[in-house]
2 protein chains.
Amino acid sequence: MAAFGDHVREVREAKRQEDRRYSLRQVAARVGIEPTYLSKLERGELAPPSEETTRKIAEDLGEDPDMLLALAGKVSSDLQAIIRKRPKLFAELLRELRRAPDHAILSVVRQVRDGDW
Amino acid sequence: MAAFGDHVREVREAKRQEDRRYSLRQVAARVGIEPTYLSKLERGELAPPSEETTRKIAEDLGEDPDMLLALAGKVSSDLQAIIRKRPKLFAELLRELRRAPDHAILSVVRQVRDGDW
DNA sequence: CCAATCGTGTAGTAGTTACTACACATGGCG
DNA sequence: CGCCATGTGTAGTAACTACTACACGATTGG
């Protein structure tokens with residue numbers, strides 16, 4: 001249930017095997033939060049942190065920010081801004097793609113990247 | 001600057017020309033909020049309301065919810081849920097489509113709807 | 001003309017978010 | 001064996017979100 005905390009702890013502990021700079025306290029220090037706070041986040045005692053803090057944690061742990069934000073129950077604010085600029089269009093697109101298989105979405109990405117419109 | 005409020009007022013006043021059930025007070029009553037609150041929302045004195053309230057306003061005024069939510073600076077929670085299920089995939093897609101012209105996105109929508117993957 | 005309806009000014013608030021600060025027991029290592 | 005670093009329990013809080021409640025003067029339709 002505490003997917004965010006579990007994941008952070010797992011990744012941090014893993015990195016710690018080979019680099020003892022990944023103790024809870026040292027990660028907290030680099031991220032700029034109190035060790036107690038990170039402790040409670042990892043154990044799911046508190047709700048996931050803000051987008052900014054989540055990003056810093058992701059960066060320190062070398063994780064994908066969008067993925068960690070998702071585990072925190074959030075969506076990157078820059079993605080939200082993209083949607084807000086053309087809400088109807090993107091709402092339709094996303095709802096249409098909700099059940100599409102991964103490879104279909106990927107092929108759309110590639111197609112758009114190649115700019116064939 | 002108060003895009004949300006201005007738009008709501010504009011649409012409501014327009015509907016009011018032909019149906020006097022679209023007074024500020026009556027709309028507020030149907031939506032389930034205090035008239036004072038709606039008044040301040042329309043004049044931009046207060047920040048836009050919650051997603052739920054925004055939806056009810058949109059429904060009462062016959063407006064598109066996603067569009068009104070966008071004016072409120074929000075993105076529908078169901079769209080966020082779609083993204084959160086496959087964050088990396090959708091993040092990549094959206095960032096790729098940020099600068100794409102409307103018709104390109106529309107053609108992607110149609111293509112996906114026709115299910116040719 | 002007056003009674004109901006209208007929009008708005010002022011004041012206040014319950015609940016949530018996103019944390020900090022202090023204190024303490026445990027564990028490893030030099 | 002002493003000491004420094006580690007993780008965690010308890011307590012508290014500033015700022016924000018999303019509103020309500022009361023009061024008032026202006027407007028309008030019958």
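Bear in mind that the values here come from a model prediction, so they are computed numbers and not experimental data. Just so we're on the same page: letters track the sequence lines, and every chain starts at 1.
Considering only residues two or more places apart in sequence or on other chains, B:Ser39 meets the side chain to side chain donor-acceptor pair (under 3.5 Å) condition with B:Arg43. Here A:Arg84 pairs with nothing under the side chain to side chain donor-acceptor pair (under 3.5 Å) rule; sequence neighbours left out. A search for side chain to side chain donor-acceptor pair (under 3.5 Å) contacts involving B:Arg21 returns B:Asp19, not counting sequence neighbours. Among residues two or more places apart in sequence or in another chain, the side-chain contact (heavy atoms from CB on, under 4.5 Å) test is passed with A:Glu10 by none. Listed by chain and number, the residues in a salt bridge (charged side-chain N to carboxylate O under 4.0 Å, His left out) with A:Glu51 are A:Arg55 (sequence neighbours excluded). Evaluation of the side chain to side chain donor-acceptor pair (under 3.5 Å) rule for B:Glu63 yields B:His7 as partners, not counting sequence neighbours.
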For nucleotides 26-28 of chain C, which of its nitrogen or oxygen atoms have a protein nitrogen or oxygen under 3.5 Å away, and what is each distance?
none

Polar-atom pairs under 3.5 Å, protein N or O versus N or O of nucleotides 2-4 of chain C: list them with distances, or write none.
none

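For the pair B:Val108/A:Leu93, a side-chain contact is recorded, criterion being any heavy-atom separation below 4.5 Å from C-beta on. Side-chain contact between B:Ser107 and A:Gln111: absent, with no pair of heavy atoms (C-beta onward) separated by less than 4.5 Å.
A heavy-atom distance below 4.0 Å to DNA chain C is reached by these residues of residues 29-56 of chain B, ordered by number: B:Pro35, B:Thr36, B:Ser39, B:Lys40, B:Arg43, B:Glu45. For DNA chain C, no neighbouring residue in residues 58-69 of chain A is found when judged by any heavy atom under 4.0 Å. For the segment residues 13-24 of chain A, the set of residues with a heavy atom within less than 4.0 Å of an atom of DNA chain D comprises A:Arg16, A:Ser23, A:Leu24, in numerical order.
Rounding to the nearest 0.5 Å gives a distance of 13.0 Å between CE of B:Met67 and CG of A:Leu89. Rounded to the nearest 0.5 Å, atoms CD1 (A:Ile57) and CG (A:Leu61) are 7.5 Å apart.
Hydrophobic clustering, with ILVMFWY side chains joined whenever heavy atoms are under 4.5 angstrom apart, groups A:Ile105 together with B:Ile105. When the side chains of ILVMFWY residues are joined at heavy-atom separations under 4.5 Å, either directly or via intervening members, B:Leu69 and A:Leu94 end up in two distinct hydrophobic clusters.
Pairs engaging residues 23-37 of chain A under the salt bridge (Lys or Arg N to Asp or Glu O under 4.0 Å) rule: A:Arg30-A:Asp60 [sequence neighbours left out].
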Test salt bridge (Lys or Arg N to Asp or Glu O under 4.0 Å) on A:Arg95 and B:Asp78; report intermediate values, then the result.
CA-CA 9 Å; A:Arg95 294 199 179 103; B:Asp78 76 300; 2.9 Å; yes
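The phosphate of D:dT6 has OP1 or OP2 within less than 4.0 Å of a side-chain N or O from A:Gln26.
Of the candidate nucleotides D:dA23, C:dA23, D:dA18, D:dA23 has the atom lying nearest to any side-chain atom of B:Arg25.
By the 6.0 Å contact criterion, CD on A:Glu13 is enclosed, its count of non-hydrogen atoms from other residues, nucleotides or ligands being greater than 12.
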